[in-house]
Amino acid sequence: MHNLTLSQLAKGLANKEFSSVELTQHFLKRSKEQNSQLNAFINQNETAALEQAAAADKTLAAGAGTALTGIPLAYKDNICTTTEPTTAASKMLENYRSPFVATLVEKLNAAGAVNLGKTNLDEFALGTSTATSYFGASKNPFDLEASPGGSSGGSAVAVAAGLAAASLGTDTGGSIRQPAVLNGLTGLKPTYGRVSRLGLVAVGTSLEQAGPIARTAEDCALILQAIAGKDEADVTTSSQPVEDYASQLANPIKGIKIGLPKEYFAVDLQPEVAALLEAAKQNLQALGAELVEVSLPHTHYAAAAYQVLGCAEISTNLSRYDGVRFGYRCENPEDLDDLYSRSRGEAFGAEVKKRILLGSHYLLEENYAKYFISAQKARRLISEDFAQVFGSGSGQVDLLLTPACLAPAAKLSETPVDAKAHAQADFFFQAANLAGIPALALPLGLVAGLPVGMQLLGPAFSEAKLLNLGHQLQTAHPEHIIFLDKSVKG
Amino acid sequence: MPMNLTSQHLQRLAGLTQLGLTSAEEAQLLTQIDAALSLSESLADLATQAVEPLVYPFDTKQTPRADEVTEVDTSEQAFKLAPAVEDKHFLVPQVVE
């Protein structure tokens, strides 16, 4: 069952080939066998999962199910649930239990999905490999020594290893797309405001979005359908009507114009990755797509603007962890200042501290205009670049295609520790977060046994078109869907 | 390009953010933050350019929702999460003599 896509599992449930309880037990059993090695899950609540599955079976028997009824999903552990702790992979929140569920979890619960548990991430979603998790790094199931990517590494590993049908991640600067690519999966960062952020552990408020990590674009469409939409409790969500994503998957893509931004290709791609990317371009052309080179001239500002704005937001958002109202508190504080600084000093990891300090540096009165306002100006320029290529003139395009990695996953022991290396790992991703546009990561194939991928970008609220293109590519060329067809390498 | 971040400046930032650092962490962070700061220098040429800053991805107006009570009181649950509580108050070390 773990070698089926989410949509195939939904058909199996609808046809009574297996029940949701059987499916959930299957995934829970696989977690028991493999999680000690893969470290994909931080916490699982078997009892609650099986109760949800039993309820889903009743709904299915009554013929009242949705496409997600009875489907076992995994949630990144910075998404609030009430059946497990929500740790954000930090000592600070090791024992935190949210008093409420995130809106997106509420929506998936209402759709009948089963919560298999909470997946590992970089501490507070700050990193590109899960190596900064307080609970230790997750392992890439294609090679246990390779990085699983991050920050939603546990969510990607859970799906790639067949421990969940699909999962939810969050993406502040590539954190859904990069681990999806490195684990041979499809990952969608929706348009900013498409999915409610209520109940996400806030880090990069103006940058982050939650979205699906799954086998296929079709699977992502089914999940997005359930979680998208206005949330009265999150003013940053959009009132734009939610499209019927699944019904548009079969649309032919003949005549679609795809831009190749030259700045994204002016990088040192490993030859095998470049060859697979070239093959994907040819596959798209064979389906009737027109490919043209375009320019996004302010791309070179993205890494710096992301660092400044991201760290400023991190510094501000993480100021709430003071050891008073919730979270870790140090032993025997001498006074209030000692309580604050020792609680934060003892509970935050090195990467989190670095970004808090960087953010506060950028927000100092003497630096505010030089860095913070300049980064917001860069954000405007980057956003206008996208508006220009997605505009309505004759040279404009419908979507963009870019690389999504320079090479397959590096060894975990070699994953980046400094800001420059993080910026390189995130190069293909950050501009979409700054501009708020949607982005879809898709598998390209395997290089030396490890997955690599590509990325599609579209204008705001173009998820239907992105998923349509992804689905057409994956239907016509199954090499764009990857299953780990072997047991975990020792 | 190193920015020559000083230990004094790092301590100022740590004080402002109430972040206790060990001396070993301080040495490591000095190097890492210094390297990170060099990345943001590429923005310097924008400081004087007439570009309207973009705060959120879209320039959409955020509208307030209707002023209706939608939440139930979960303070009991919230107090259970606190490290120290007495009579519905968070306990902290004495701050007034």
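So that the names make sense, note that chain A is the first sequence line, chain B the second, and so on, each numbered from 1.
Looking at S319(A), there are no atoms closer than 4.5 Å to chain B (heavy atoms on both sides), in backbone or side chain. Looking at D337(A), both its backbone and its side chain come within 4.5 Å of chain B, counting heavy atoms on both sides. When heavy atoms are compared at a cutoff of 4.5 Å, Q18(B) approaches chain A by way of both its backbone and its side chain. Both the backbone and the side chain of V235(A) come within contact range of chain B, judged by heavy atoms closer than 4.5 Å. Contacts between L357(A) and chain B at a heavy-atom distance below 4.5 Å involve backbone atoms as well as side-chain atoms. Heavy atoms closer than 4.5 Å to chain A are found in both the backbone and the side chain of A14(B). Both the backbone and the side chain of V55(B) have a heavy atom closer than 4.5 Å to some heavy atom of chain A. Within the 4.5 angstrom heavy-atom criterion, only side-chain atoms of Y362(A), from C-beta onward, approach chain B. Heavy atoms closer than 4.5 Å to chain B are found nowhere in L318(A), neither backbone nor side chain. Using a 4.5 Å cut-off between heavy atoms, E25(B) touches chain A through its side chain atoms alone. S343(A) does not touch chain B: none of its heavy atoms, backbone or side chain, sits under 4.5 Å away. Of the atoms belonging to A378(A), heavy atoms from both backbone and side chain fall under 4.5 Å from chain B. L43(B) touches chain A through backbone and side chain together, each having a heavy atom under 4.5 Å away.
No other option in L29(B), T74(B), T22(B) has as many heavy-atom pairs under 4.5 Å with chain A as L29(B). Of the residues considered (A44(B), A84(B), A66(B), P83(B)), P83(B) shows the highest number of contacts with chain A, using heavy-atom pairs under 4.5 Å. Annotation: maximal heavy-atom pairing with chain A below 4.5 Å, among L10(B), D45(B), T31(B), occurs at D45(B).
Formation of a donor-acceptor pair under 3.5 Å by the K377(A) side chain with backbone atoms of L46(B) is found in this model. Of the possible donor and acceptor atoms, none in the side chain of R342(A) sits under 3.5 Å from a partner among the backbone N and O of L19(B). Without hydrogens or angle criteria, R380(A) side chain to P53(B) main chain gives a donor-acceptor distance under 3.5 Å. Using a distance-only test at 3.5 Å, with no hydrogens or angles considered, a donor-acceptor pair links the side chain of Q307(A) to the main chain of A36(B).
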> Given the rule in the side chain to side chain contact (heavy atoms under 4.5 Å, CB included) test, do L54(B) and L434(A) qualify, once you have shown the distances and angles that lead to the verdict?
Replying inline: CA-CA 9 Å; L54(B) 181 63; L434(A) 290 165; over 6 Å; no
> Do E366(A) and R12(B) pass the salt bridge (charged side-chain N to carboxylate O under 4.0 Å, His left out) test, and can you show the C-alpha distance, the side-chain angles, and the key distance before you say yes or no?
Replying inline: CA-CA 14 Å; E366(A) 63 264 34; R12(B) 179 188 171 203; 2.8 Å; yes
>> Is there a side chain to side chain contact (heavy atoms under 4.5 Å, CB included) between I356(A) and L13(B)? Walk through the geometry before answering.
In response: CA-CA 9 Å; I356(A) 290 173; L13(B) 296 176; over 6 Å; no
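Under the ring pair (Phe, Tyr, Trp, His ring centres under 6.0 Å) criterion, Y96(A) pairs with F326(A), not counting sequence neighbours.
Between V92(B) and R329(A), the closest side-chain pair of non-hydrogen atoms falls below 4.5 Å. Side-chain contact between P99(A) and L81(B) is present, with heavy atoms from C-beta onward closer than 4.5 Å. At least one side-chain heavy atom of R379(A) sits under 4.5 Å from a side-chain heavy atom of P57(B).
Relative orientation of the H361(A) and H9(B) rings is perpendicular, given thresholds of 30° and 60° on the angle between their planes.
For Y371(A) and E41(B), the side-chain atoms include at least one donor-acceptor pair closer than 3.5 Å.
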